Amino acid sequence: MIKIFNSLGKSVQEFIPMDKRHIKIYVCGPTVYDKIHIGNARPLVVFDVFVRLLKKSFEKVTYVRNITDVDDKINKKSIETGIPINELTKQTIKNFHSDCFYLKNIHPDFEPKATDHINEMIEMIKVLIKKNFAYEVSGNVMFRVNKFHDYGLLSNRTLDEMIAGARVDVADYKENSADFTLWKPSSIDLPGWESPWGRGRPGWHIECSAMSKKYLGDEFDIHGGGIDLVFPHHENEIAQSCCANETLKMARYWVHNGYVNIDEKKMSKSGNNFITISDLLQKFNGEALRFFLLQAHYRAPLNYKKAYLNDANSSLSRLYRAVDGLGVEGEPDEEILNSLKNDLNTPKAIARAHYLAESANKGSKEAGQLLKNSSKILGILENDSEKWFKEGANQFFSSTNDNDISPKDIEELIKNRLEAKKSKNYRLADQIRNNLFKKGIILEDHVDGTNWRRS
RNA sequence: GGCCCGAUGGCAGAGGGGUUAUGCAGCGGCCUGCAAAGCCGUUUACAGCGGUUCGAAUCCGCUUCGGGCCUCCA
């Protein structure tokens with residue numbers, strides 16, 4: 001039995017699928033105007049583990065993660081940089097995919113782009129207008145918030161509170177200050193599509209309603225994303241989808257991950273206190289970043305410090321040592337699986353992984369094998385241990401490092417050192433070892449020879 | 001102003017009414033030429049103040065501090 005915290009109801013609930021033969025999950029992906037940061041990576045990694053767990057537990061899972069490639073932030077960035085929108089989004093998507101690869105993400109089954117689904121959005125908006133849930137004012141189409149009884153249910157707030165706390169200038173074409181945009185007009189220099197309301201572009205929320213409907217249906221099992229999406233994004237999605245499709249719920253389970261903080265504050269692009277994944281990948285293996293993100297429970301805030309990534313790397317090395325030479329053969333560890341099934345308790349799963357590693361180091365072949373077999377569900381330890389220790393940070397980046405030394409040269413120096421050791425010239429032997437250490441290479445003497453690894 | 005969340009040992013971080021989390025760092029030991037890695041031992045923590053209880057870090061209340069949402073955000 002899988003249990004998960006449902007934001008709709010604010011409690012840990014047993015996951016009961018709509019159809020246990022086919023699980024449907026939608027996760028909000030990036031708006032592609034800039035490289036993603038470690039905070040953006042958290043949902044990518046968290047929901048990746050969740051999907052791995054679902055795929056392990058059910059015969060068929062459809063995982064959809066969208067790409068928002070029409071948005072005012074993209075327009076703004078394009079004007080600022082002079083890079084045409086198409087090029088900007090294309091390059092950003094490429095970076096995003098690269099980051100996902102290094103973070104060891106499995107591919108979503110569908111990765112729909114907003115610009116490929118404008119027609120679906122227009123159709124949905126037409127339905128909303130026809131059903132009187134939306135209205136047009138001079139090229140703007142607005143959602144009539146007070147027509148939807150459950151508005152505010154997900155984010156736990158009432159319409160009165162929203163209006164009372166409104167900190168934005170209210171556009172005069174709104175019937176109600178809480179009404180939100182489904183469609184807005186585009187001037188000729190901005191991206192736009194022909195519609196019954198003139199040339200324009202969609203509001204932010206409608207894409208997820210339209211695309212989840214297309215790939216998963218009117219109702220589906222799980223909708224995920226960062227906790228900052230609860231309001232207004234997910235609240236508005238629910239309003240649109242439920243009203244257009246005449247359903248009671250859009251998704252049965254709403255799952256939200258907590259923030260990554262830096263200096264106790266939420267990391268965000270607008271806060272200008274972020275650090276990108278591509279920057280971190282120059283220093284750290286993507287798997288260490290993944291491990292760092294999984295060390296805390298997904299709903300708790302997670303503070304970022306560079307030192308924590310070093311710790312993550314060390315912990316991961318400890319685990320890799322314990323599964324050296326092993327391949328996946330058989331089922332994952334039952335306790336790791338159970339921890340994940342209990343509201344995705346990855347810290348507990350990792351604690352169990354350490355226990356298995358210790359047992360393996362004490363000689364239990366079985367423990368090491370169970371740990372290796374669990375790699376697929378966690379998305380860590382999937383690499384070959386030998387490779388893990390010799391690659392260090394991702395090779396793609398380290399190959400350009402001036403300080404880099406080739407494995408061949410390392411082997412040569414090890415040979416020289418062994419000769420020195422044989423003739424009891426420990427001074428020379430230590431000198432060789434120290435010089436290598438300065439280049440980030442650590443030597444380990446064993447009865448059957450000397451191993452090296454990158455620090 | 002409204003609504004919400006959190007406070008665990010040097011650090012990170014689970015758990016959660018009575019029993020060792022775990023990792024990193026530190027210290028002592030085994031091993032080693034010395035290291036590294038590994039193993040053994042070790043430092044007994046739950047913001048403060050009240051309350052409930054045989055018993056509270058765990059439940060309730062208040063206080064303090066920190067954070068978040070209400071605007072784009074993962």
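Only this structure's heavy atoms are used, side chains among them; waters, hydrogens and symmetry mates stay out. Being a predicted model, the structure only gives us computed values, none of them experimental. Here is how names work: the chains are called A, B, and so on, in the same order as the sequence lines, proteins then strands, and each is numbered from 1.
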Considering just the side-chain nitrogens and oxygens of [X], establish if one lies under 4.0 Å of OP1 or OP2 belonging to [N].
X	N	result
A:Asn156	B:C3	no
A:Arg318	B:A37	no
A:Lys266	B:C69	yes
A:Asn40	B:A74	yes
A:Lys10	B:C4	no
A:Tyr308	B:A12	yes

Output the rounded distance in Å from [atom1] ([X]) to [atom2] ([N]).
X	N	atom1	atom2	answer
A:Asn257	B:G68	CG	P	16 Å
A:Glu358	B:A21	CD	P	15 Å
A:Asp311	B:G26	CG	P	11 Å
A:Tyr355	B:G13	OH	P	26 Å
A:His234	B:C4	NE2	P	21 Å
A:Glu235	B:C3	CD	P	17 Å

Closest to side chain of A:Ala296, choosing from B:A14, B:A74, B:C70: B:A14

Paired with [N] by Watson-Crick or G-U wobble geometry, both distances under 3.5 Å: which nucleotide is it?
N	result
B:C59	B:G51
B:G6	B:C65
B:C30	B:G38

